[in-house]
Amino acid sequence: MTVRTRFAPSPTGYLHIGGVRTALFNWLFSRRHGGQFLLRIDDTDQERNVDAALAPILHGFRWLGIDWDEGPEVGGPFEPYYQSQRLARYQDAVARLLAGGFAYRDYATPDELKAEREQAEREKRPFLYSRRWMAESDAQARAFESEGRQGVVRLKIPREGKVVIKDHIRGDVEFDWAREQDHVVQRADGTCLYHLASVVDDFDFQITHVIRAEEHLSNTPRQVFIAQSLGYPLPEYAHLPYVAEPGSKNKLSKRKLDKYLKNRDFALVNEHGQAIAKALGLSTSADTFNPVIVDFYEQVGYLPDAIVNYLMLLGWSLDDRTEFFTRQQMIENFSLQRVTKSPASFDPKKLWAFQDHYMQQLSVDEKVDRMLPFLAHANLIDSPDDADARPLLRKIVAAAGDRLKVSGDILAYADFFFLPDDGYPLDPDAVEKHLRKPEAAGLLRRFRDRLGGLDSFDVESLERAMHDFLEAEQIKIGAVVHAVRVAVTGKAVGPGLYDCLALLGKERSLARLDRTLQLYFDTVVGRPA
RNA sequence: GGCCCCGUCGUCUAGCCAGGUCUAGGACACAGGCCUUUCACGCCUGCAACACGGGUUCAAAUCCCGUCGGGGUCACCA
């Protein structure tokens, strides 16, 4: 039998990092066994705008390289894959449940139910519906309806015995039927609820393995009941540990962002991304742009391979040392047996480390390809196809080496190359630290004059010029190099200084030194602070 | 509260099923050092865990019992 797995997103408008992990494991498992992976859309609750709310999710999966064989946009033999379009199937199933005596019409009002529940609570016994307003015949149903009552359909769960869920990760898990409620499967208006829909869909789509987060484990008995009552074969189950908050065992949730922002590592990664978004001129709100949302990583310029590799290791490992996997290796090695049982907390710093690693694997040209669009977005170049930009960027990227961790970093590290000589920003802290020294003006001026006398302006010549200068001045390099860097780049950090000067060229370098000299010494120095 | 799941360094994990080779291994983070014009990379060193208590056994992170702790779930949400 062909392995078929599925992931069932709700169209919420964004792709959550925890959801991706679940989808990834489904994808990996199906690929490992030469099967199919499908996307089913759980939109029974949604009103309209499903397409708009779904687009970012589909886009996110595509970006990560998680492709689906059936589902939205690709179709498939069991269309439609939207729950909102499958109501007839669900109603048909409800009718069969009713006919088989596995479900009943119920006419209790919410208040009556609430009263029963409260009474159970007072008596300190587990609540179980009395079935007092259960209608097992049409006559009974009519009688209730004549009182103006509205009927829903409830599962008629056994009141004794046990059910054993065979789970690939948890082993055998036992539940008492008597603890299970008579869940509603169909509302008075005829619409159906998730658990029923999910079971029907999994059967219709011929899903063989249900791999989902463990929060669904306690829902499984009712689904088993539905499936068995309908005569469906049971799928194999695997309940994954959930992804937890940074530094905690609580489930990761998009709603508790404020709390995560207090986590040092999370905050660091977030701020880094926000700075890039700002440089790009993106209008971002914390709700939709943060390290819990996949889109964040795409916008900032992370690599899909880094994210997928990191996520794969959240709750799974091959052995005691292997950390890096190509897609092919992931597929070849994935197995449910090696999925962990305990929750794994999301560690943005570790994701960062994977990103660092994968970025280092890229050639200069591959980095340039990814960074050109960022420069264009930030209006530092006209377009990604700008003929002049590419050669310059190649040199910048080569000089920057491993400093560029994400594609967006090019904006922070190299904006000054693309800005006019009188228009690049000077970091106030750097100025304070390296330019506000009594001896800085003289040193800068004399170094500028030495550069002015240079015939060739390549890295080697610059290095030699610097050494000669140090000898003449009888100083150490630290006494001058920082001031020069801040003067020409505006920053305290960046690629090697000789690289920066060489890339800027003689004319621009001198212009920048002159401007800084004028700005900070001719006019500012001597004036009261 | 009921039911269910889980519990190895701060974090991700290996080891547990088939007890000894575990004075518990790797990775990230952190600290210190080296390299160095800054930052980053790289390299070296260090810090740091078997939740607790009983058993079983010559021997327990590994098996059994109990306790404690954490989490999930208890909707006419998905």
Side-chain angles (χ1 to χ4, degrees), chain A residues 8-12 42-46 83 106 108 110 113 117 120-121 124-127 150 152-154 165 167 169-171 173-176 178-181 183-189 191-195 197-198 213-221 239 241-242 244 246-251 264-265 310 313-324 337-338 340-354 356 359-360 400-405 409 413 430 434 463 466 470 476-482 484-486 489 491-498 500:
Chain A
S10 283
T12 50
D42 282 14
D43 58 349
T44 52
D45 224 25
Q46 238 67 28
Q83 290 195 325
D106 181 61
L113 243 24
R117 207 168 249 128
E121 206 168 310
K124 294 197 191 303
R125 62 174 164 80
F127 165 71
Q150 298 228 303
V152 300
V153 177
R154 286 183 183 278
I165 309 294
D167 189 283
I169 294 164
R170 315 275 149 190
V173 185
E174 233 178 52
F175 293 89
D176 285 331
R179 303 279 173 206
E180 202 61 26
Q181 303 297 326
H183 304 280
V184 172
V185 290
Q186 187 174 46
R187 301 182 181 94
D189 66 2
T191 58
C192 294
L193 265 23
Y194 167 76
H195 292 291
S198 186
E214 70 169 293
E215 62 211 70
H216 286 284
L217 184 55
S218 23
N219 298 332
T220 310
H239 287 92
Y242 57 88
S248 143
K249 289 292 182 202
N250 291 12
K251 197 171 84 170
R264 186 165 156 266
D265 296 342
Y310 168 71
L313 261 10
L314 261 192
W316 185 88
S317 69
L318 176 64
D319 53 32
D320 61 342
R321 54 196 65 252
T322 316
E323 293 265 295
F324 300 109
Q337 287 86 46
R338 292 201 62 86
T340 327
K341 289 179 173 173
S342 50
S345 64
F346 175 66
D347 181 353
K349 269 289 186 65
K350 187 136 189 177
L351 203 185
W352 179 268
F354 276 93
D356 191 1
M359 202 66 174
Q360 288 188 38
D402 298 328
R403 295 176 184 84
L404 302 166
K405 305 298 186 193
D409 280 343
Y413 269 96
H434 300 297
E463 198 166 356
M466 174 66 86
L470 298 179
K476 286 189 174 176
I477 191 163
V480 66
V481 74
H482 304 300
V484 175
R485 169 184 300 284
V486 174
T489 73
K491 302 174 197 304
V493 300
L497 178 61
Y498 309 128
C500 290

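This is a predicted model, so every value here is computed, not measured. Side chains are part of it too, since the values below use all heavy atoms of this structure and drop only hydrogens, waters and symmetry mates.
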Would a distance-only check, ignoring hydrogens and angles, find a side-chain to backbone donor-acceptor pair under 3.5 Å from [X] to [Y]?
X        : Y        : answer
A:Tyr242 : A:Lys249 : yes
A:Arg403 : A:Gly494 : yes
A:Ser10  : A:Thr12  : no

> Do A:His183 and B:rA75 have a side chain to base donor-acceptor pair shorter than 3.5 Å?
Replying inline: no
> Is A:Lys350 side chain donor-acceptor paired with the B:rA27 base, going by distance under 3.5 Å alone?
Replying inline: yes
Spacing of [X] atom [atom1] relative to [N] atom [atom2], expressed in whole Å:
X        : N      : atom1 : atom2 : result
A:Arg117 : B:rC74 : CZ    : C1'   : 9 Å
A:Trp316 : B:rA14 : CH2   : P     : 10 Å
A:Glu323 : B:rU11 : CD    : P     : 17 Å
A:Gln337 : B:rC17 : CD    : C1'   : 13 Å
A:Ile169 : B:rC16 : CD1   : P     : 18 Å
A:Tyr242 : B:rG7  : OH    : C1'   : 11 Å
A:Arg179 : B:rG72 : CZ    : C1'   : 17 Å
A:Arg170 : B:rG72 : CZ    : P     : 13 Å

Say we look at [N] and [M]: how far apart would their [atom1] atoms be, to the nearest angstrom?
N      : M      : atom1 : value
B:rA31 : B:rG70 : C1'   : 30 Å
B:rC16 : B:rC35 : C1'   : 43 Å
B:rG26 : B:rC64 : P     : 29 Å
B:rC9  : B:rA48 : P     : 14 Å
B:rG32 : B:rC6  : C1'   : 37 Å
B:rU36 : B:rC30 : P     : 24 Å
B:rU56 : B:rC63 : C1'   : 8 Å
B:rU38 : B:rA24 : P     : 38 Å

Does [X] reach a base, just sugar-phosphate, or nothing at all? Heavy atoms under 4.0 Å.
X        : value
A:Gly496 : base
A:Thr340 : sugar-phosphate
A:Lys251 : sugar-phosphate
A:Gly494 : base
A:Leu217 : sugar-phosphate
A:Glu180 : nothing
A:Tyr498 : base
A:Lys124 : nothing
A:Pro343 : sugar-phosphate
A:Asp402 : sugar-phosphate
A:Val173 : sugar-phosphate
A:Gln186 : nothing
A:Ala492 : base
A:Pro246 : nothing

Both distances below 3.5 Å, Watson-Crick or wobble geometry, any strand: find the nucleotide opposite [N].
N      : value
B:rA31 : B:rU45
B:rA61 : none
B:rU21 : none
B:rC52 : B:rG66
B:rA14 : none
B:rG72 : B:rC3
B:rU37 : none

> Is there a side chain to side chain contact (heavy atoms under 4.5 Å, CB included) between A:Thr44 and A:Thr191 once you walk through the steps?
Replying inline: CA-CA 8 Å; A:Thr44 52; A:Thr191 58; over 6 Å; no
> Taking only side-chain nitrogens and oxygens of A:Thr191, does any of them come within less than 4.0 Å of OP1 or OP2 of B:rC76?
Replying inline: no
> So does A:Lys349 get a side-chain nitrogen or oxygen closer than 4.0 Å to the phosphate oxygens (OP1/OP2) of B:rC30?
Replying inline: yes
> Where each residue is assigned the nucleotide of RNA chain B containing its nearest heavy atom, which of A:Trp352 and A:Glu215 is assigned the position nearer the 5′ end?
Replying inline: A:Trp352
> RNA chain B: A:Val493 or A:Asp347, which has the more 5' nearest nucleotide?
Replying inline: A:Asp347
>> Would you say A:Thr489 and A:Arg485 are linked by a side-chain donor-acceptor pair, where the criterion is simply a distance under 3.5 Å?
In response: no
>> According to a cutoff of under 5.5 Å between the ring centres and under 30° between the ring planes, does A:His216 stack with the base of B:rA78?
In response: yes
>> To the nearest 0.5 Å, what is the distance between CG on A:Asp265 and CZ on A:Phe346?
In response: 10.5 Å
